[in-house]
There are 2 protein chains.
Amino acid sequence: MKAKRQPAREASSGKSAGATKKGIETRARIIRGAREALENDGIEALTTRKIAASANVRLATLHYYFDSKETILLAVLEGMIADMATSYHTAPLAADPEDRIAELLRLIWYYIGETRNRQIAQIELTLYALRTRGAEWLAERQYGAYIDFYSQMILNDPAISQEERERIGKAVARFMLIGIDGLILQTFALHDEEVAKESVEALIVATRGYLRRLLQKEQVR
Amino acid sequence: MKAKRQPAREASSGKSAGATKKGIETRARIIRGAREALENDGIEALTTRKIAASANVRLATLHYYFDSKETILLAVLEGMIADMATSYHTAPLAADPEDRIAELLRLIWYYIGETRNRQIAQIELTLYALRTRGAEWLAERQYGAYIDFYSQMILNDPAISQEERERIGKAVARFMLIGIDGLILQTFALHDEEVAKESVEALIVATRGYLRRLLQKEQVR
DNA sequence: GTCTATAGCATGATAGAC
DNA sequence: GTCTATCATGCTATAGAC
């Protein structure tokens with residue numbers, strides 16, 4: 001709540017603590033506990049006491065590992081970024097990029113449905129990072145990571161030059177990500193499974209179309 | 001922070017206060033102050049004292065008009081929903097629905113760029129409502145209001161039956177809204193104006209395509 | 001590295017004068 | 001309807017024993 005402190009450049013840690021094996025473990029447990037508490041109660045109701053309880057750690061231990069509540073929150077976001085790629089490692093495998101888009105979007109959609117509160121928590125954290133002076137780069141990195149990952153999943157056709165592949169892949173990835181984020185908010189607000197499913201299919205068609213258009217432009221050059 | 005209180009069914013007010021002219025004015029000032037404080041500092045840092053200061057009202061006055069901080073927050077969201085329609089009343093006018101989509105999306109995009117913090121605050125509040133037991137309906141109503149509004153903006157072709165017009169219009173509106181929300185998050189995270197502009201155009205093409213497809217299906221029947 | 005204990009202050013909310 | 005004053009509690013963070 002206090003604003004006197006200067007923002008943490010490094011979200012990872014505040015102290016040099018956590019070098020030993022047990023230390024690393026405890027640090028991880030704190031982050032996990034914070035994430036769970038955040039998922040359960042939302043950022044507005046999150047307190048260090050809840051984090052400690054959720055991590056099964058005494059209150060003072062939090063501050064041995066982290067400078068402040070802010071540092072913990074940013075570390076949770078960092079953890080989510082790191083976890084992201086591993087979540088989908090049962091990856092789609094279709095040969096055609098357009099089919100991969102469809103598979104990927106349906107897979108993501110399934111995962112989102114299973115992790116509602118985590119999705120909400122992640123958006124809360126993104127907004128928190130955007131608000132926190134000195135932490136905007138974290139939100140940027142989060143999106144960068146998602147875009148890189150999706151991009152690589154969609155386009156790996158060696159017939160296209162590396163440069164163009166990356167340009168187009170990232171554009172499609174950004175488009176996909178826009179749809180996914182918007183879909184999360186809308187689905188949880190409307191809670192109409194039927195309508196959500198329709199939107200996913202519409203998003204698939206749109207993303208495919210966008211990819212096709214970008215590739216066609218490429219041909220014409 | 002306490003959870004003992006039972007949730008407010010009505011977000012509008014908590015007490016019967018605010019019947020007089022001055023009372024209504026003060027109530028409005030509190031809501032406006034709360035919104036401004038929220039826009040400036042984010043929900044995580046929002047306190048009743050900040051709200052009071054921002055509304056130029058003493059702390060106790062807040063509680064004369066509202067049962068709790070929660071009630072104030074939900075009232076702010078309600079206010080945003082009410083303001084929504086008026087924001088775009090300089091409405092697009094093209095005759096062709098597809099052109100209206102383009103105009104509308106570019107207009108919305110401009111407005112969003114001018115009100116960055118308000119957009120973030122609104123998403124924060126939506127998530128807060130989704131978290132708050134008994135207030136989920138507010139998030140739903142918010143989306144319903146947006147969808148109704150966009151729907152009506154896009155489709156008013158009398159050549160189509162009322163029922164179909166509404167079905168298609170709402171589907172397109174939902175699609176647009178997904179794009180807009182996703183775009184808000186991504187743009188503020190990446191803060192790349194160039195890339196954002198591209199995404200808006202991609203979204204326009206996609207939304208037009210979606211409308212066209214829905215209308216074609218309609219023809220075939 | 002983790003604990004107990006507590007400092008020191010901010011918080012949401014209320015009592016009661018005017 | 002708005003104020004001053006204050007309560008009870010919860011908050012983040014720290015000191016210091018083990």
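Within every chain, numbering begins at 1; the chains are lettered A, B, ... in the order of the sequence lines, protein sequences first and strands thereafter. Excluded from the calculations below are hydrogen atoms, water molecules and symmetry mates; all remaining heavy atoms, backbone and side chain alike, are included.
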Engineer: Once you round it to whole Å, what is the distance between P of C:dT11 and CD of B:Glu44?
Structural biologist: 11 Å
Engineer: Give the rounded distance in Å between these two atoms: CG of B:Leu62 and P of C:dA10.
Structural biologist: 18 Å
Engineer: Return the minimal non-hydrogen interatomic distance between A:Gly169 and A:Ser151, and the atom names on each side.
Structural biologist: C-OG, 3.3 Å
Engineer: Using whole Å, report how far CD of A:Glu25 lies from P of C:dG1.
Structural biologist: 12 Å
Engineer: When you check the phosphate oxygens OP1 and OP2 of D:dG10, does a side-chain N or O of A:Thr47 lie under 4.0 Å from one of them?
Structural biologist: no
Engineer: What's the NE2-C1' distance between A:His63 and D:dT14, to the nearest Å?
Structural biologist: 8 Å
Engineer: Taking all non-hydrogen atoms of both residues into account, name the closest pair between B:Gly179 and A:Ile178 and its distance.
Structural biologist: O-CG2, 3.4 Å
Engineer: Under 4.0 Å between a side-chain nitrogen and a carboxylate oxygen: does that hold for B:Lys50 and B:Glu36?
Structural biologist: no
Engineer: Do the side chain of A:Arg49 and the base of D:dG10 come within less than 3.5 angstrom through a donor-acceptor pair of N or O atoms?
Structural biologist: no
Engineer: Whole-Å distance between C:dG1 C1' and A:Phe66 CZ?
Structural biologist: 14 Å
Engineer: For A:Arg141, enumerate each residue passing the salt bridge (Lys or Arg N to Asp or Glu O under 4.0 Å) test, keeping only those at least two apart in sequence or located in another chain.
Structural biologist: A:Glu78
Engineer: Would you mind reading off the bend of the helix from C:dG1-D:dC18 to C:dC18-D:dG1 from its two end axes, five pairs each, to 10 degrees?
Structural biologist: 0°
Engineer: Taking the basic N atoms (NZ, or NE/NH1/NH2) and the acidic carboxylate oxygens, is any pair closer than 4.0 Å for B:Arg131 and B:Glu136?
Structural biologist: no
Engineer: Whether A:Thr48 contacts D:dT12 is assessed here as follows: a side-chain N or O lying under 4.0 Å from the phosphate OP1 or OP2. Is that the case?
Structural biologist: yes
Engineer: Any ion pair linking B:Arg106 and B:Glu201 (charged N to carboxylate O, less than 4.0 Å)?
Structural biologist: yes
Engineer: Could you list the protein-to-nucleotides 2-5 of chain C atom pairs, N/O on both sides, closer than 3.5 Å?
Structural biologist:
| residue | atom | partner | partner atom | Å |
| --- | --- | --- | --- | --- |
| C:dT2 | OP1 | A:Thr26 | OG1 | 2.7 |
| C:dT2 | OP2 | A:Thr26 | OG1 | 3.4 |
| C:dT2 | OP2 | A:Tyr65 | OH | 2.3 |
| C:dC3 | OP2 | A:Arg58 | N | 3.2 |
| C:dC3 | OP2 | A:Thr61 | OG1 | 3.0 |

Engineer: Between D:dG10 atom C1' and A:Lys69 atom NZ, what is the distance in whole Å?
Structural biologist: 11 Å
Engineer: For A:Lys197, is there an ion pair with A:Glu193 - N to carboxylate O distance below 4.0 angstrom?
Structural biologist: no
Engineer: Between B:Glu70 and B:Arg133, is there a salt bridge with N-O shorter than 4.0 Å?
Structural biologist: no
Engineer: Between B:Glu163 and B:Arg167, is there a side-chain N and carboxylate O pair less than 4.0 Å apart?
Structural biologist: no
